[in-house]
Each structure stands twice: as structure tokens, then as C-alpha cells.
**Q** 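Have a look at the structure that comes next, please.
All residue numbers refer to positions in the sequence shown, counting from 1. Values below: every heavy atom of this structure, side chains too, minus hydrogens, waters and symmetry copies.
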Amino acid sequence: MGKIVIIGGGVSGLAAGIYAQMSGLDSEIYEGHSVIGGQCTSWTRKGYHIDNCVHWMTGTSPKKEIYQVWKDVGVVGEGQKMIKYDYFLQVDIDGVKCHVWRDLNKLESELLAIAPEDEKEIKILVKAIKNFQTIELPALKPKEQMGFLDNMKLLFKMFKAIPVAAKFQKFTLTEYAERFKSPVIRRLVHNYVPDTYYAISMFYMYAMFSAGNADLPLGGSDNITLKMRDRYLQLGGKIHTRKKATSIDIDNGVCKKVNFEDGTSVEPEDIICAVDASVIFKLIGEKYMDQHFRYCYDNPSKFPVFSDFNAYYAVDCPTDQLPTMEIFNTRKFEVAGRNHHFIIMNNFADQPGFAPEGKGIIEVLLVQYDYEYEYWENLYNNDREGYKAVKARIAEDIMLRLEAHYPQLQGKITVLETVTPKSFNRYLGSYKGSYMGFIQTPNVKKEVHCGVLPGLDNFYLAGQWLQTPGGLPNALVTGRFAVQRLLKRKNMLDKFCCKKNV
């Protein structure tokens, strides 16, 4: 069998490469950036380590299928250290605080003490989170390779969560939050994702954390991508960076050649394309866009995307006394034409080496919707200095509010870095600056792509855009699925590295 060319060196591309090598196949990864990792990215500024991706990672519980996949690629298992927090986040509204505790009994007790008027809804909320702990992301086989028994086992595992999903599938986070009288609990429901997300996403997030399936890798994004890189190279794979693919030559449904920006090309037997979905159709042409993707792109109200404005701050003192993650209300400030009344602060104090000795680094995240991407793109394209000035103004506005909320930090905060939706687009090719896939909204069927495109015989897809709502776990498993689909099409599925899982 000839060489498999993998376009994209993010989590999905690395996973595809690892499983290809484990299955005895010959593969090479071509990454357009100077470093691997894709959206799972981090970098250094002025001696501080900036992590722009992972705040928690689904798949850290050995009881879940996806744990085996993370183990195969070298991220979890013996010797791999995880940070296990007692609480997911702290919410502070006008000085009234609550936490999303890992211990659900503790969560319920605290919420009842804060808002006894919401007793009925609090008990429903906590029970829903507990039942959602049974949710399983299918991670060992692609959907079309799962048989009757596979599906029955999956349904049996998740039977407690099914009634919860059915009851709340029509609610957005905003609509569900309105069931509570307490403004603190309303914000706990919203947490830090877009208001248009369906409410089930909140149950899932808190359920995975409380079940021990959403811990944080020590070292953050680097811990994930560098371990995957090392695993891939140890298995004999090859990685080429600064190799941006620009087009793919196709003849009678067969991909013959991948062309790169530097003028070189490569002729593979098979291609696994593990890049942003919008980039895929720039490489092969929109005529190959299937009904699935066309429907998603043509219906943004049903399948929206979102991004963030992220600001990173150096703190001239330790930050171990600050919350790990906190959402607090503040006086309004404007970003991309929309007023913000809340700040989401993420503290990296538990990550050794992220800040110099005796100092700290914190991050603030502000949700940006797809329509706000146009603001950033227009500003960047038409007024580069204005773009920089707006970023600086927003970072200053945030800093003033951080100092007001954390008086001990006054005069000790300086801006390190700002990241806009346009930044995600520039560096990663992200569609409208999105760092995840299409958002799952109420009353819309969860979309799972089949991983191949009609009319192409040797072309396979991997990446978070294949399964809503995207993110690291979907990127990971679709890399595995791409290799299984390739082998299945060639009648070689028995060669897949993990026969017991086939």
C-alpha cells in the first residue's frame, strides 16, 4: 500500500497519523503552520506561557470509551499527570458567590443556601447533571461501522440521560436560565458559552466534570500536542511544517497530487484532510461540497459558529489566591458594537512554568458571535492601526475591571496579548474565526458527517467540523475514524491496530 498524506497537523491529523502507523500504514503529515497543534495551540510572550485552547479535556475517566483513544495517542495513562479541581468555576454576582462543585451534593447544598426560592429547579438541575454523567461519546468506531449490538450497548449506557435530553432539547441556555429566580444561578447556567447553545450542553459540561471525565492536563495544550507528536514520530511517521497545501489535482474522482505554497507537490495513494472544513473546499473545489456541509453553511441560524476575544495579562505577583475560573458582573463595556456586562477570568496558577517565579498569568474570554467576525475582518483589512488601537482599548477596559474586582492586583497587571476572531482566521484558517465547529442549537438534529465525499475515491475527512459541536474530543475521534474508513473501503479493516474495538 502506498503513502497516506495527511493534510493538517492538529489533533485530528496527529490522531489519524498515529492510528495509520499503528495499523502498519505509511503516512506523512503536512502542516501549513511553523508548528503542529492546530487549534490546540500555545506560545510564549515576554517569558509567560500563553495557552489559547484547553481549559478542560473530555476523556480523562478510564470508564469512558474516549479515554482509550487518548491513551492510544499518548496523552493519558500511566505517568501522565492531570489537574483535578474541586470546582469547575466560581460565579460572583454583586458579591454573591457560588461554585460548580465536583461533589454534586455540595453543589446542591450551596445553591439551596443561596436561592431557597429556586429549590424545585435546583433539584431538577442537579439530578439532570447526575443523569448526564452516563453520556458516552462514541469513540471506538464510526457510526456506519457500529452494528446493532454496538448501538444497544450505547443506549443502555446512556439510558438515564435520554429522558433529560428529551425534556430539555428545545431550550437554549437563555431560555433554561429563565427558570431560575436567582441571578447567580442564571449565570451559572449560562457559564462561558454562547447564549444560543442548547441547554443540554451545560448539563453535559458539568456532568463530565463531576464524573471525573473533564480534568486538565498538566502543561495544557502543549502536553496534548507534543505527546501526540512524539507518539507519531516514535511510530515512524514524518511531519513537515511550513507546508501549506494550496490545491489538490483530481482526475476521474482520484486525488492525484497535493500542491503546496512553496511550489512543491506530493503524489499520495490516499489523502486524509484534517483541516478546517472551509479550507477543504478551497483545496478540492466547492463542487465536491456534499449536502451535509452545504446545508450547514446555508443555514447559519440553525448551525451558527462563534469565537472569542481573548486577553492575556501578566500579573506582578502570585495568583494562587484567585479563583481557578470565575465569571463576575461588571459595569458595561463595548466590544465589536455589543455591550458586555460579564467577565470570564481564567487563572493559570496551577500550571507550573506558565509564569516566572513569583508572578502569574490570567486570561479573560469574551464570546464573539459569527456576525461579529465581520467587524474584526473589516477593521483588520481596512484600518490595521485602528485594529490594533481597538484591541488595546478593549484590553485596557478589561484591565480596569479586573483591578476593580480584584483590588489586590491594582497596579500589578499589564497586557501580554490579545486574540480576536480574525487572529484565529489568520493563523489557523478558521471559518469566521471559529475555534470550534458548528454550534448545536435546539430542535436541530445532531449532525455527524460520514467522513467521505461523493465523487472522491481516495479522500477522507477528519476534524471537529464533522461532528457538532466540535472541540478536542471530536477532533480526536474523527482522526481515528478516518483510518478505519480508509481501511474499510480497501477491505482491510482487519488490519486496524485495535481489532478488539472493530
Side-chain angles (χ1 to χ4, degrees), residues 2-22 25-45 49-54 73-75 217 219-249 255 257-280 282-284 417 419 422-431 433 435 459-465 472 475-476 478-480 482-483:
K3 189 177 297 295
I4 300 170
V5 165
I6 300 170
I7 303 174
V11 167
S12 55
L14 289 165
I18 290 168
Y19 279 108
Q21 296 300 127
M22 289 174 67
L25 307 177
D26 185 17
S27 70
E28 295 188 17
I29 293 175
Y30 292 82
E31 167 57 46
H33 208 333
S34 58
V35 294
I36 53 90
Q39 299 278 12
C40 192
T41 185
S42 59
W43 61 93
T44 299
R45 284 286 184 275
H49 186 78
I50 292 174
D51 194 318
N52 203 58
C53 179
V54 61
V73 302
V75 174
S221 297
D222 273 358
N223 181 74
I224 296 171
T225 55
L226 295 182
K227 282 183 166 56
M228 293 182 73
R229 178 202 65 184
D230 293 346
R231 174 78 169 135
Y232 179 62
L233 295 176
Q234 288 166 2
L235 290 166
K238 295 180 181 179
I239 298 175
H240 308 271
T241 56
R242 302 183 189 274
K243 297 290 285 186
K244 184 177 180 179
T246 55
S247 63
I248 297 174
D249 295 345
C255 297
K257 185 187 294 185
V258 181
N259 304 302
F260 299 100
E261 193 173 56
D262 61 6
T264 63
S265 61
V266 62
E267 298 181 6
E269 179 169 330
D270 294 283
I271 296 173
I272 296 176
C273 201
V275 296
D276 189 276
S278 64
V279 176
I280 293 171
K282 293 176 183 177
L283 296 175
I284 62 176
E417 185 77 286
V419 178
K422 183 59 184 175
S423 306
F424 286 101
N425 173 262
R426 288 174 57 213
Y427 289 102
L428 302 168
S430 306
Y431 174 65
Y435 59 83
F459 189 79
Y460 305 86
L461 304 180
Q464 62 172 342
W465 290 89
L472 285 177
L476 176 75
T478 56
R480 174 184 170 114
V483 175

**Q** Not counting sequence neighbours, which residues clear side-chain contact (heavy atoms from CB on, under 4.5 Å) with A462? List them please.
**A** S12, I272, A274, T478, A482
**Q** Output all residues satisfying side-chain contact (heavy atoms from CB on, under 4.5 Å) with P217, sequence neighbours left out; order by chain, then residue number.
**A** V54, M57, M82, N223, I224
**Q** Just to verify, what does S278 make a side-chain hydrogen bond (donor to acceptor under 3.5 Å, both in side chains) with, not counting sequence neighbours?
**A** D276
**Q** Can you tell if the side chain of R229 reaches within under 4.5 Å of the side chain of L226, non-hydrogen atoms only?
**A** yes
**Q** If you define the side chain from C-beta out and look only at heavy atoms, does anything of T241 sit under 4.5 Å from S34?
**A** no
**Q** Under the salt bridge (charged side-chain N to carboxylate O under 4.0 Å, His left out) definition, can you give me all pairs with a residue in residues 231-246, not counting sequence neighbours?
**A** K243-D262
**Q** Between G38 and L428, what is the shortest heavy-atom contact and its length?
**A** O-CD2, 3.5 Å
**Q** Could you work out, with side-chain contact (heavy atoms from CB on, under 4.5 Å) as the rule, every residue matching A245, not counting sequence neighbours?
**A** I7, V258, F260, L283
**Q** Once side-chain contact (heavy atoms from CB on, under 4.5 Å) is applied, do any residues pair with V419, and if so which ones, sequence neighbours excluded?
**A** W43, N52, N310, Y312, E417, S423, F424
**Q** What is the distance from atom CD of Q21 to atom CG of L233, rounded to the nearest 0.5 Å?
**A** 9.5 Å
**Q** Name the one of V266, I271, D249 that satisfies side chain to side chain contact (heavy atoms under 4.5 Å, CB included) with K257?
**A** D249
**Q** In a check of side chain to side chain contact (heavy atoms under 4.5 Å, CB included) between V73 and each of R480, M22, M228, which one passes?
**A** M228
